[in-house]
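Structure, as structure tokens:
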Amino acid sequence: DAGITQSPRYKITETGRQVTLMCHQTWSHSYMFWYRQDLGHGLRLIYYSAAADITDKGEVPDGYVVSRSKTENFPLTLESATRSQTSVYFCASSESRDRSTGELFFGEGSRLTVL
Amino acid sequence: AQSVSQHNHHVILSEAASLELGCNYSYGGTVNLFWYVQYPGQHLQLLLKYFSGDPLVKGIKGFEAEFIKSKFSFNLRKPSVQWSDTAEYFCAVSGGFKTIFGAGTRLFVKA
């Protein structure tokens, strides 16, 4: 039972570079989410996806791009990284709308530092 | 606007002390309520959840929470904390598939 795997777990990059964080789930959950965790802010939703090829913005989408060509993958791309994007990023999934109670299953997180 | 407010950002307790972490939410319509826990260096895990029925719900490791609809609250409690409860605790609200989190409460339990 692999669950959700994120990669890389740790990444250091420079301002202006493009970075992609990968997320893969094995449960065939319909919904997938990207959150960022920052001290004092808890978790804030960046983007979410209800199914393959369906994505939508969350609370803090600026500077991020997502795609979902396959149900199991939900990569997050920072097109031009900024220092304010230094954070811990969590990918999560949940079941379909009809069955979903909102319970989330989280990956291990990706710690990104932008210098 | 939808929001979740956790009253305490940092809590320090001695082992065997009782714990209560406050959580209030603002959300229109029917909600599902959650407490997640994040142990140092780990990802978030579900502690307990409320969907309907008995407003007093029990979770793992002796934690419980009470949903008070009239107060829009979902406070987390534990009668006697242990050193291993040191972690960050997040209250969360979901109106369906989208979940909103509070800012978190960092609990440190002194041995």
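Each chain gets a letter, A, B and so on, in the order the sequences are listed, and its residues count up from 1. Quick note: numbers below take in every heavy atom, side chains included, and nothing from hydrogens, waters or symmetry partners.
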Got a second to check how far B:F34's CZ is from A:L104's CG, nearest 0.5 Å?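 Between atom CZ of B:F34 and atom CG of A:L104 there are 7.0 Å.
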Quick check: is B:V37 connected to B:F74 through a chain of hydrophobic side chains (ILVMFWY, heavy atoms under 4.5 Å apart)?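 As far as the 4.5 Å side-chain criterion goes, B:V37 and B:F74 are connected within one cluster.
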Are A:Y64 and A:Y48 grouped together when hydrophobic residues (ILVMFWY) are joined by side-chain heavy atoms under 4.5 angstrom apart?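 In one cluster: no.
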What part of B:Q45 is in contact with chain A, defined as an atom under 4.5 angstrom from a non-hydrogen atom: side chain, backbone, both or neither? neither
Is B:L46 close to chain A through its backbone or its side chain, or both, or neither, when contacts mean heavy atoms under 4.5 Å?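 Contact with chain A is through the side chain of B:L46 alone.
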What are the two closest heavy atoms between [X] and [Y], and how far apart are they?
| X | Y | result |
| --- | --- | --- |
| A:G40 | B:A103 | O-CB, 3.6 Å |
| B:F101 | A:L43 | CB-O, 3.8 Å |
| A:Y35 | B:T99 | OH-O, 3.0 Å |

Is the number of heavy atoms from other residues, nucleotides or ligands within 6.0 Å of [atom1] ([X]) greater than 12?
| X | atom1 | answer |
| --- | --- | --- |
| B:I12 | CD1 | no |
| A:R17 | CZ | no |
| A:R111 | CZ | no |
| B:Y39 | OH | yes |
| B:Q42 | CD | yes |

Side chains of B:Q38 and A:Q37: any donor to acceptor distance under 3.5 Å? yes
What pairs of residues pass the disulfide bond (SG atoms under 2.5 Å apart) test when at least one of them lies in residues 56-86 of chain B, not counting sequence neighbours? none
Is there a side-chain contact between A:L45 and B:I100 (heavy atoms, below 4.5 Å)? no
For chain A, which residues of residues 56-70 of chain B have heavy atoms nearer than 4.5 angstrom: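 Interface residues of residues 56-70 of chain B: none, nothing closer than 4.5 Å to chain A.
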Not counting sequence neighbours, which residues clear ring pair (Phe, Tyr, Trp, His ring centres under 6.0 Å) with B:F108? List them please.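 In terms of ring pair (Phe, Tyr, Trp, His ring centres under 6.0 Å), with neighbours along the sequence ignored, B:F108 is linked to no residue.
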Those residues that, when tested against B:K78, pass salt bridge (charged side-chain N to carboxylate O under 4.0 Å, His left out) (two or more places apart): B:D85
